[in-house]
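What follows is a set of notes on a single structure, which appears directly below.
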2 protein chains.
Amino acid sequence: MEPETLELESFLPYRLYRLADAVSREFSRVYKDRHGLTRPEWRTLAGLGQHGTMTATELGEQSAMHKTKVSRAVAELERRRWLVRTADENDRRVEHLTLTKAGLAAYREMVPLAKAFERELLARLSAEERTAIISGVAALEARLGQAEVGANHIERKN
Amino acid sequence: MEPETLELESFLPYRLYRLADAVSREFSRVYKDRHGLTRPEWRTLAGLGQHGTMTATELGEQSAMHKTKVSRAVAELERRRWLVRTADENDRRVEHLTLTKAGLAAYREMVPLAKAFERELLARLSAEERTAIISGVAALEARLGQAEVGANHIERKN
DNA sequence: TTTCAATGGTTACAAATGAAACCAGTTTGG
DNA sequence: CCAAACTGGTTTCATTTGTAACCATTGAAA
């Protein structure tokens with residue numbers, strides 16, 4: 001028999017969201033305070049820095065962003081001259097995006113900060129706790145990809 | 001020596017955010033599809049359902065929402081006649097919020113759905129994985145409350 | 001008391017977001 | 001071939017959000 005109330009503080013979806021929100025908000029200093037980037041812009045930069053050249057669609061897949069977010073982030077980074085677009089030879093709908101020198105410089109500057117952030121975050125935990133969060137997140141990620149809870153259609157984001 | 005790139009897929013802040021976003025988005029069906037509630041509205045309902053009567057400030061603390069979100073959510077639930085405000089006797093700035101019969105009915109309807117969602121979500125994991133995610137989240141939550149990573153001021157949300 | 005800082009809550013405005021419509025281009029099937 | 005369906009990406013519009021300013025009230029200090 002269901003008890004009639006839900007304890008929000010123990011409700012996993014809520015806890016997860018609150019935690020992610022707090023962490024993300026804190027991390028956003030790295031890109032927001034320093035360069036005035038939004039999260040989609042940061043992710044775009046990170047994707048291109050990591051992979052070299054990508055299309056907008058690929059970016060959306062890699063960094064779990066809606067295509068409109070990608071589109072807008074790309075436009076802004078282009079405006080800053082942090083990336084350039086080059087047309088695809090075979091398919092004229094596609095554009096290949098690449099960081100410019102300036103974009104790459106910003107990326108290179110941020111990478112160590114990002115890593116330091118993650119390191120410091122994990123440093124607060126014991127070895128077991130680190131293992132727990134990392135493998136717990138991995139497990140849920142893996143299961144979420146497959147079928148969505150209580151629903152029979154897949155949540156595509158782009 | 002730092003490698004010069006960051007692997008986004010393994011970066012904890014990103015993974016956490018993406019996971020929370022996916023879970024939350026999926027869970028939002030429960031309140032969005034059924035009743036057209038927003039997340040702040042759902043949280044407000046959940047807070048009041050759980051605690052009976054609360055002030056807006058208390059709601060913000062309990063459910064980690066900015067005061068403007070609380071204010072707007074309360075206004076909307078009031079418009080629906082799912083809650084009522086009663087003035088505080090001693091402090092006329094304060095309002096005590098309570099669910100009406102209709103609000104309580106909606107809450108009671110959603111509680112089992114929320115619990116089922118969480119149950120099904122966790123059911124996909126092995127016992128060890130469940131322990132991992134739950135204790136990992138708890139550990140990070142606990143450490144985050146204390147001092148923020150790489151910054152020396154506290155992130156208050158209300 | 002009167003003034004001034006703090007607090008509960010709302011509002012105005014700008015920015016970020018999501019959904020859906022849209023515009024090329026491309027592919028597929030007749 | 002050619003129409004219809006599809007895909008990469010952009011734009012429009014409505015909604016949601018965050019920041020800061022704000023109003024009213026209260027508490028503290030002088």
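Residue numbering restarts at 1 for every chain, and letters A, B, ... go by the order of the sequence lines.
If you check C:dA16, C:dG9, C:dA19 against the side chain of A:R72, the one that comes closest is C:dA19. Among D:dT12, D:dG9, C:dT11, the nucleotide with an atom closest to any side-chain atom of A:A56 is D:dG9. Here the side chain of A:R39 is nearest to one of D:dT11, D:dG18, C:dT17, namely C:dT17. Distances from the side chain of A:D91 to the nucleotides C:dA19, C:dT10, C:dG25 place C:dG25 closest.
Proximity of B:Q50 to A:L6: side-chain heavy atoms (C-beta onward) are nowhere separated by under 4.5 Å. Considering only heavy atoms from C-beta on, B:V111 comes within 4.5 Å of B:K115 through its side chain.
Between the side chain of A:S71 and the backbone N or O of A:T68 there is no donor-acceptor pair closer than 3.5 Å.
Protein atom CG of B:L77 is 15 Å distant from nucleotide atom P of C:dG9, rounded to whole Å. In this structure, the NE2 atom of A:H66 is 13 Å from the C1' atom of D:dT12, given to the nearest Å. Atom-to-atom, NZ of A:K69 to P of C:dA15 comes out at 18 Å; the value is rounded to the nearest Å. At whole-Å resolution of the value, CE in B:M65 and P in C:dG9 are 12 Å apart. Distance, B:D88 CG to D:dT26 C1': 12 Å, rounded to whole Å. Atom pair A:K67:NZ and C:dG18:P shows a separation of 14 Å (rounding to whole Å applied). Across the protein-nucleic acid pair, A:L59 atom CG and D:dG8 atom C1' stand 13 Å apart, rounded to whole Å. Between the C1' atom of C:dA19 and the CZ atom of B:R25 lies a distance of 12 Å, rounded to the nearest Å.
Looking at A:E76 and A:R80, a side-chain N of the basic residue comes within less than 4.0 Å of a carboxylate O on the acidic one, giving a salt bridge.
No N or O donor and acceptor, one from the side chain of B:R92 and one from the base of D:dT25, sit under 3.5 Å apart. Side-chain to base pairing of A:R93 with C:dT26: no donor and acceptor N or O lie closer than 3.5 Å to each other. Below the 3.5 angstrom threshold, one finds no donor paired with an acceptor across the side chain of A:R85 and the base of D:dG9.
For C:dG9, one of the phosphate oxygens OP1 or OP2 lies less than 4.0 angstrom from a side-chain nitrogen or oxygen of B:T57.
More than 12 non-hydrogen atoms from other residues, nucleotides or ligands lie less than 6.0 angstrom from CD of A:E7.
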